[in-house]
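In what follows, a structure is listed as structure tokens, so that the remarks can point back to it.
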Amino acid sequence: MVEVDFRSIESKWQERWEKENTFFTSNDSNKKKFFVLEMFPYPSATGLHMGHALNYIIGDIQARFRRMNGCNVLYPMGYDALGLPAENAAIKAKKHPSDYTNESINNFMIQQKALGLSYDWSKLVKTSDPEYYKWNQYFFLKFLEKGLVYRKKSAVNWCSKCNTVLANEQVHSGKCWRHEDTDVEIKHLEQWFIKTTNYAEELNEMIEGLDWPARIKAMQTNWIGKSFGTEINFTINEKVWPIFTTRPDTIFGVTFLVISAQHSKLFEIVTPEQKSSVEEFLKKLRSVSEKEMDAMDKEGVFTGAYAINPINGEKVPVYAGNFVVADYGSGMVMAVPTHDQRDFEFAKKYNIPLRVVICPEGKKLVAEEMTCAYTGEGVLVNSNEFSGQKNVEAMKKITEYLEKKGVGKKTINFKLRDWLVSRQRYWGTPIPIIYCEKCGIVPVPEKDLPIKLPYEVTFGEGNPLLSNKEFVNCKCPKCGTSARRETDTMDTFFDSSWYYLRYMDATNSEVPFVKETVKKWLPVDQYIGGAEHACMHLIYARFFTKALRDLGYLDFDEPFTKLFNQGMLHGADGNKMSKSLGNVINPLDVIEKYSTDSLRFNTVSLSAPNSDSVWSDNGMESSHKFLQKVYSVLSEIKIGSSTKIIESKINKTIKEYSFDIDNFKYNLGVIKLRSLIDAISQEQEISKNDLESVLKLFSPICPHFTEEIFHTRIKNSMISLEEWPKCDESKIDLHLEKIEEVISSLRVDIIKIKELAKIEKVKKVKIIVAPQWKWEAISVIRDACKEKPDFSVAMKALMSKEEYKKHGGEIQNFIKTTLSRLSDFSEIKPFNEVELFNEAKTVLESEFGSIEVVKAEDCNEPKAKNAFPTKPALIIE
RNA sequence: GCACGGGUUGGGGAGCGGUCAAACCCGCAGGGUUUAGGACCCUGUCGCUUAGUGCGUUCAACGGUUCAAAUCCGUUCCCGUGCACCA
């Protein structure tokens, strides 16, 4: 076999697609729209990695498939170009972030083009483009007008040597990443927040209707974390501090309170005597990251303050603790050590007294003897007038009591927090705000947008934007006096929350998007990306859609109708691909060595696209060899007429394969293509129409070589834009396929026996067909299955309920052993058993000579008992 | 710590209540072809057994539900992912 030069074929077609604008998508078309979107990448100088390639290949196959199925497909690409990693990488490479990012993007584009992806490049979006981030600023101002934006103090990681805020990932075990000797401090800064919690209820409710993977939906539900509970007013130093709890029934067991160590108002309650020990404790905090916090031991320190429990007037100590989340609820919890495990451990550690308030029914708990908290249900004790009540009822009663006394209320609480969008960094969208001594906080007027990032800044210490005086110093738009510009930039999740609205009109400088066009294309029909975005990006984007809807920009509720999560691709050793492990596979290297089509084919062969898979060099080799075979078979086979059997197989494949691709079961589709090619390679000739169909089936996965053969052998048009083959059900002949199967298995058996028994020349072959009763059993089961395809229902139909209850297992066993090759018999309609073997006999006689078909009943040979329907006993002389 | 996934026969990976000793790919073994290697084609690949075949034991571990469990439920162990300033 001659090696095919896939590489030159590929570059030829990639060039033609680009030159002829093959994949340009018109916003005006009568065809059904279909918007396929992959989560846009964060470009970096290291280029595409295998995870990207997998993501795009999955999406491209879907886009090509839909396009061929008559849809007007929108399939664009963009770059999430602003953000911390680019800024850091640029500094490291001694380049300006803007230049660095442009290089990265260009590099990405070249590599994506090499993958043969059918993007409409005319709709490219880059978030680093001022014409893009201008609209970030615009939306920020709209949100501000609408009251969705506010300022609040919040904790950040601070390095005193860098004189700057650190991201969680820049904190390594409590130290600054650049200064191993410098402890990270927790500072509180005034920052900008978006009220995502305004939409918590809707975000939560609408999860149900999304056609998303169940696990992503579960993760979002938990992230939003709706819970019902009671807000109870504790008094500290005459000031009321509302505290949220889901367990008001335990209120009489409260023996202390814990305030988050990151609480911005912590020092309002710390007494002068305790100030130094609290400060000492705060130094131990390693970062503001919750992950880090939880990894630490549960620790705390007494604040010196006492809180008054409103239900009984008791004074309990207030501790500062590292395990309470500052932004959840009120940043403070009431602690009941006897009935909450974390509180229990904390109380034991600091010798805080315990008081049992719930006992399991009929049992008595003694605080001193407890080794862990009791969190189950029970009856209240030590709870004044509530003692004796069941705790579930007491929850309600106690809440009502508190409400009546005006010291508490029933509330719904969400884990979801407001979105902190301020970043004290350079490479982001400047927040369009001006601080004026006279007028205070002044929004930048719309006409002054965009506030561009100044090119001239100094990196090193502090926020780089502060180093450009021209940027910082400005005039107040209200009163015209000197003012200071906001130097915080926006979280890049802001950029990625609405980019999917920009594609159809990516260069419009008048509006962020044209409402009518968006209405035509949105929501996204198929969104594709990794599960790591389950909670953050996908929630922010959903929030944005709803907020823009309420501002009158959109008229739909959810941005992404369907979501597909691709799995992770691991290195050949089963580990995550990483440079340090040396198991990284670079898609470009693979293309170089084999070809794009081979890479694409192999990538989808590995496993179901939604589950993790492991790279294999041998597998890659095998895919490549297979495509070589496909190429030679399809380009060399004579065009003439197809046999019935191959027609049947092709049409069956069209049917099943289309289903697989439609449902992202690419790995299963690939198996069907393999077996189809095996079958075709046995044929002498094939009809032009069938050849065309087969090429089209390969086209979404292997767009290049199919284009080549299509042009040379079928017609001079783009296969990528051709119509998907239709399955002709009437050509599917399972009976014929079954006979072929029977013949080939008989042939193998005969040859095998001939060799093993050392029979030189076959005189006679006796095919002993299964006894009549086995056939009858088959037809009974088959008929039952035909009416009721559910096998268990069919079985129930065969016997009474009692019989079934008793003997179902035996019947099953009978079917298994006696009718073991029943399988697809139920699908064969006009089926005559005797005919089957007579047909087989006719074919095999030309090979082996005299063959006789004998019914088991007419045969006293003991081996006849082994005769099975479709797998008969054989006697060879 | 909390949340969400997952553990299948040498490796990868389908299957997710009965058609399951479990698709397919790789690896390995035997045969064919070839000057040899490679490539290609065929066959085998849990154990025992048979000329064809049949039987036994399996799907992380242990328990449970069911006439029937790799598949459903519970517990345990192990692995992966996310946790709000990485995107």
Side-chain angles (χ1 to χ4, degrees), chain A residues 1 39 41-42 80 83-85 156-157 165-171 215-216 218-219 222-223 225 287-291 293-296 298 323 325 327 342 416-417 419-420 422-425 491-493 496 530-537 539 568 570 572 574 576 602 605-608 611-619 621-623 625-626 629 665 667-668 670-672 674-675 748-750 752-759 781 785 791-792 794-795 803-813 815-817 819-826 863 866 868 871-876:
Chain A
M1 198 169 27
M39 290 179 185
Y42 194 89
D80 189 13
L84 176 73
V156 292
N157 306 306
V165 172
L166 298 178
N168 284 336
E169 75 163 11
Q170 297 174 308
V171 179
R215 71 184 186 109
I216 302 296
M219 281 163 92
N222 290 324
W223 185 265
S287 111
V288 297
S289 153
E290 271 167 50
K291 217 189 315 186
M293 292 281 231
D294 278 325
M296 294 171 71
K298 310 281 162 282
F323 58 93
V325 181
D327 298 316
R342 284 198 303 190
L416 183 75
R417 314 211 277 262
W419 177 11
L420 194 170
S422 290
R423 296 293 122 98
Q424 294 71 38
R425 276 184 275 278
D491 177 10
T492 51
F493 277 121
S496 56
E532 67 273 20
H533 292 291
C535 294
M536 312 199 60
H537 161 62
I539 292 218
M568 286 232 298
H570 298 269
K576 207 172 153 175
N602 185 57
S605 307
L606 293 172
S607 79
S611 60
D612 293 354
S613 44
V614 174
W615 180 262
S616 149
D617 288 327
N618 284 327
E621 188 83 36
S622 140
S623 294
K625 277 182 195 163
F626 175 69
K629 177 177 170 174
K665 308 224 176 226
N667 56 326
L668 301 182
V670 159
I671 290 170
K672 282 160 196 144
R674 287 189 105 111
S675 94
V748 168
D749 283 347
I750 292 171
K752 215 186 227 170
I753 295 169
K754 204 181 114 192
E755 278 169 11
L756 283 164
K758 297 206 167 79
I759 297 169
I781 299 275
C785 283
F791 198 69
S792 69
M795 280 189 53
E803 268 182 319
Y804 178 74
K805 266 245 168 232
K806 249 187 172 168
H807 302 294
E810 285 170 45
I811 297 287
Q812 171 52 26
N813 203 31
I815 291 168
K816 230 175 96 181
T817 54
L819 313 178
S820 62
R821 286 170 194 83
L822 175 66
S823 65
D824 45 356
F825 265 57
S826 57
K863 282 173 185 173
N866 288 337
F868 276 76
K871 182 77 180 175
L874 286 179
I875 295 172
I876 299 176

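Remember, it's a predicted structure, so these values are computed and weren't measured experimentally. The chains referred to below are lettered A, B, ... by the order of the sequence lines, with proteins before strands, and numbering in each begins at 1.
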- Message: The test is side chain to side chain contact (heavy atoms under 4.5 Å, CB included); show your working for A:Leu420 and A:Asp491 and say whether it passes.
- Response: CA-CA 8 Å; A:Leu420 194 170; A:Asp491 177 10; over 6 Å; no
Can you tell me the distance, in whole Å, between the [atom1] atom of [X] and the [atom2] atom of [N]?
X        : N     : atom1 : atom2 : value
A:Arg425 : B:A87 : CZ    : P     : 7 Å
A:Asn602 : B:G13 : CG    : P     : 13 Å
A:Leu166 : B:C86 : CG    : P     : 10 Å
A:Arg417 : B:A3  : CZ    : C1'   : 14 Å
A:Leu606 : B:G11 : CG    : C1'   : 13 Å
A:Trp615 : B:G11 : CH2   : P     : 21 Å
A:Lys672 : B:A14 : NZ    : P     : 14 Å
A:Ile539 : B:C83 : CD1   : C1'   : 12 Å

- Message: Between A:Asp612 (side chain only) and A:Met568 (backbone N and O only), is there a donor and an acceptor less than 3.5 Å apart?
- Response: yes
- So, A:Ser622 side chain and A:Asn618 main chain: donor-acceptor pair closer than 3.5 Å or not?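 Checking the backbone N and O of A:Asn618 against the side chain of A:Ser622, no donor-acceptor pair under 3.5 Å is found.
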Base, sugar-phosphate, or nothing for [X], non-hydrogen atoms under 4.0 angstrom?
X        : value
A:Ser613 : sugar-phosphate
A:Ser607 : sugar-phosphate
A:Phe493 : base
A:Asp612 : sugar-phosphate
A:Glu621 : nothing
A:Val156 : base
A:His537 : nothing
A:Ile671 : base
A:Val165 : base

Does a nitrogen or oxygen in the side chain of [X] sit under 4.0 Å from OP1 or OP2 of [N]?
X        : N     : result
A:Thr492 : B:A87 : yes
A:Lys629 : B:C41 : yes
A:Ser622 : B:C26 : yes
A:Ser611 : B:A14 : yes
A:Lys625 : B:A39 : yes

Could I get a table of every N or O pair under 3.5 Å where one atom is in the protein and the other is in nucleotides 4-10 of chain B?
unit_1: B:C4; atom_1: OP1; unit_2: A:Asn222; atom_2: ND2; d: 3.4

What distance, rounded to whole Å, do you find between the two [atom1] atoms, one in [N] and one in [M]?
N     : M     : atom1 : result
B:U9  : B:C46 : C1'   : 6 Å
B:G6  : B:A14 : P     : 12 Å
B:C55 : B:A22 : P     : 13 Å
B:G27 : B:G12 : C1'   : 10 Å
B:U75 : B:U65 : C1'   : 15 Å
B:C20 : B:G11 : P     : 23 Å
B:A21 : B:A29 : P     : 29 Å
B:A69 : B:U19 : C1'   : 16 Å

- Query: Picking from B:A87, B:C85, B:U53, which would you name as closest to the side chain of A:Ala167?
  - Reply: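 Among the listed nucleotides, the one closest to the side chain of A:Ala167 is B:C85.
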- Nucleotide nearest A:Leu416 when distance is taken to its side chain, options B:A87, B:A84, B:A23: B:A84
- Task: For A:Asn667, enumerate each residue passing the side chain to side chain contact (heavy atoms under 4.5 Å, CB included) test, keeping only those at least two apart in sequence or located in another chain.
- Result: A:Ala608, A:Pro609, A:Lys665
- Yes or no on side chain to side chain contact (heavy atoms under 4.5 Å, CB included) for A:Leu84 and A:Arg423, after CA distance, side-chain angles and deciding distance? CA-CA 9 Å; A:Leu84 176 73; A:Arg423 296 293 122 98; over 6 Å; no
- Item | Nucleotide paired to B:C20 in any strand shown, Watson-Crick or G-U, under 3.5 Å | none
- Any side-chain heavy atom of A:Phe493 sitting closer than 4.5 Å to one from A:Ser496?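 A:Phe493 vs A:Ser496: side chains touch.
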- Message: Pick the closest RNA chain B nucleotide for A:Val614 and for A:Ser422 by heavy atoms, then say which residue is nearer the 5' end.
- Response: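 The residue whose closest nucleotide sits nearer the 5' end is A:Val614.
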- Query: When the nearest nucleotide of RNA chain B is assigned to A:Arg423 and to A:Cys535 on a heavy-atom basis, which residue is associated with the more 5' position?
  - Reply: A:Cys535
- Message: Should the side chain of A:Gln424 and the base of B:C85 be counted as holding a donor-acceptor pair, with the cut-off at 3.5 Å?
- Response: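 Donor-acceptor pair under 3.5 Å: yes.
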